[in-house]
There are 2 protein chains.
Amino acid sequence: MLTTRNSRSDVVAAAGRLFAERGYHGTSMRDLGRELGLLGSSLYAHVESKQDLLVEVVEEGARLFQDSAEDALARGGTAAERLRRLVAGHVAVVLDNSDVVRTFLNEARVLDEVHRARVIAARDAYEAAFRAVVADGVEDGTFGAGTDPKMASIFILSILNAVERWYHPDGALDRAGLVDAIVAAATRGIART
Amino acid sequence: MLTTRNSRSDVVAAAGRLFAERGYHGTSMRDLGRELGLLGSSLYAHVESKQDLLVEVVEEGARLFQDSAEDALARGGTAAERLRRLVAGHVAVVLDNSDVVRTFLNEARVLDEVHRARVIAARDAYEAAFRAVVADGVEDGTFGAGTDPKMASIFILSILNAVERWYHPDGALDRAGLVDAIVAAATRGIART
DNA sequence: CCTACCGATCGGTAGG
DNA sequence: CCTACCGATCGGTAGG
């Protein structure tokens, strides 16, 4: 059995896994090395510092959400259609990159101020995309006239960001059903239908 | 200026603050000592171990939510009334004990299996209270007949648990307005009204 | 609550 | 990617 050498992206991926599971401060470079079958000190052939690894994982998370929102909006359509694509895109990002997303959501506070500010800006831009779509939906009558786009966006994103905490892909609810349920909650109400 | 000695509960309170801000692994006993104006080693006059401090903070969080749910249900009333009291109680717990709550929500994974299992059981019981009230509301017609109590509870709790991440008490939205908005999202829909 | 420690582990480096 | 380290910091203890 041939064990190939690790690439830099292997190291980043493993770091995302451990940071997600145990947190940044709960993961030592020796833990990370063990995960890859090498010594902690050997990691410095691939990476400059531990912080550097966190920066890469978190910025990958920011990129995934940004790209998802861009895709969802680029195809146009009604506000309802765009909202559904935003929700479906978010769910896909969370379920297909849970390590990166969990690190992005929970460990960004450990970053130095410069990088943390960048993450906050990315989150704000992402939320703004949701807000704009909801505002469009209020104008075209998809959503109720009294809807506050900011509050609605916060609530929708609260539901989306919590998905990772409870959803199991092998359960009774499949991915499309999950998206349907969240879109229904957003448009028809949590306890409606 | 007289500086009094610290009590055990002072130590636990300070631990909650630092665990919430920097995480359990991001907080050293020397950090905690500095916060209280004493040396890290002096903390062991008040407490048996660092883990012990985490256990106390997290179990206080569990207790706060349990008591809140018990109070909300004890006074009876319609499903809608009980749901509103559950929401208002949750918001009060979060806003009046944000350090404890943040530690409860984010640092429980660090606990040993026995204590972590206890926390998970407490969370399950708390969610069950929401589920039961929503189920009652479906039966008495307060909520739509198609409402899934489990899914609705998860969504409501997702919104409630996220409050701590964005709500600032000194902003335009006061506490009663926040509760109203969340109850409205739960009953009339996120993007309705 | 302090002094004076302890062994273990941490992130990281030099040199191969 | 390993060997062989480094200084700093960690949780915690003995004795007062």
Side-chain angles (χ1 to χ4, degrees), chain A residues 1-59 103 107-116, chain B residues 1-59 103 107-116:
Chain A
M1 190 162 110
L2 183 91
T3 11
T4 322
R5 285 192 146 216
N6 290 295
S7 70
R8 182 185 171 96
S9 63
D10 292 332
V11 177
V12 175
R17 228 177 305 139
L18 294 192
F19 292 166
E21 266 170 38
R22 317 177 190 175
Y24 177 79
H25 287 305
T27 304
S28 74
M29 292 300 271
R30 283 160 179 87
D31 289 339
L32 182 53
R34 200 176 308 120
E35 185 84 0
L36 292 160
L38 44 82
L39 296 176
S41 58
S42 301
L43 292 167
Y44 292 90
H46 295 104
V47 85
E48 299 75 50
S49 69
K50 189 185 173 188
Q51 271 286 332
D52 190 64
L53 277 170
L54 180 62
V55 167
E56 277 201 51
V57 175
V58 170
E59 298 209 322
T103 301
E107 304 300 322
R109 65 176 171 190
V110 179
L111 292 170
D112 59 285
E113 280 185 59
V114 176
H115 288 102
R116 195 171 55 242
Chain B
M1 191 164 107
L2 183 91
T3 11
T4 321
R5 285 191 145 218
N6 291 293
S7 71
R8 183 187 170 95
S9 64
D10 292 333
V11 177
V12 175
R17 229 178 302 142
L18 294 192
F19 292 166
E21 265 170 38
R22 317 177 189 175
Y24 177 79
H25 287 305
T27 303
S28 73
M29 290 301 268
R30 284 159 178 86
D31 290 339
L32 181 53
R34 200 175 308 118
E35 186 83 0
L36 293 162
L38 44 82
L39 295 176
S41 58
S42 301
L43 292 167
Y44 292 90
H46 295 104
V47 85
E48 299 74 51
S49 70
K50 189 186 173 186
Q51 270 287 332
D52 189 64
L53 277 170
L54 180 62
V55 168
E56 277 201 51
V57 175
V58 169
E59 298 210 322
T103 301
E107 304 300 322
R109 64 176 170 189
V110 180
L111 292 171
D112 59 284
E113 281 185 60
V114 176
H115 288 101
R116 195 170 54 243

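First the proteins, then the strands, lettered A, B, ... as listed; each starts at 1.
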Of the listed nucleotides (C/dG11, C/dC1, C/dC5), which one gets closest to any side-chain atom of B/Asn6? C/dC1
What's the CE-C1' distance between A/Met29 and D/dC1, to the nearest Å? 14 Å
For A/Leu18 and C/dG11, give me the distance from atom CG to atom P, rounded to whole Å. 12 Å
Is the shortest distance from a Lys or Arg side-chain nitrogen in B/Arg8 or B/Asp52 to a carboxylate oxygen in the other one below 4.0 Å? yes
How many whole angstroms separate atom NZ of A/Lys50 from atom C1' of D/dA8? 14 Å
Pair B/Arg116-B/Glu59, salt bridge (Lys or Arg N to Asp or Glu O under 4.0 Å): steps then yes or no: CA-CA 10 Å; B/Arg116 195 170 54 243; B/Glu59 298 210 322; over 6 Å; no
Before giving the answer on side chain to side chain contact (heavy atoms under 4.5 Å, CB included), spell out for B/Glu107 and B/Val110 the whole-Å C-alpha distance, their side-chain angles and the decisive distance to 0.1 Å. CA-CA 6 Å; B/Glu107 304 300 322; B/Val110 180; 4.0 Å; yes
Mind listing the residues from residues 31-47 of chain A sitting with a heavy atom below 4.0 Å of DNA chain D? Number order is fine. A/Leu38, A/Leu39, A/Ser41, A/Ser42, A/Ala45, A/His46
Counting distance only, does the side-chain N/O of B/His46 pair as donor-acceptor with the main-chain N or O of B/Asn6 below 3.5 Å? yes
Find the distance B/Arg30:CZ to C/dC1:C1' and express it as a whole number of Å. 15 Å
Which dot-bracket string fits DNA chain C when only Watson-Crick or G-U wobble pairs with both atom distances under 3.5 Å count, crossing pairs get [ ], and | stands for a partner on a different strand? ||||||||||||||||
Take the protein atom CD of B/Glu48 and the nucleotide atom C1' of D/dG11, then report the distance between them rounded to whole Å. 14 Å
Is there a side-chain contact between A/Ser28 and the phosphate of C/dC10, meaning an N or O under 4.0 Å from OP1 or OP2? yes
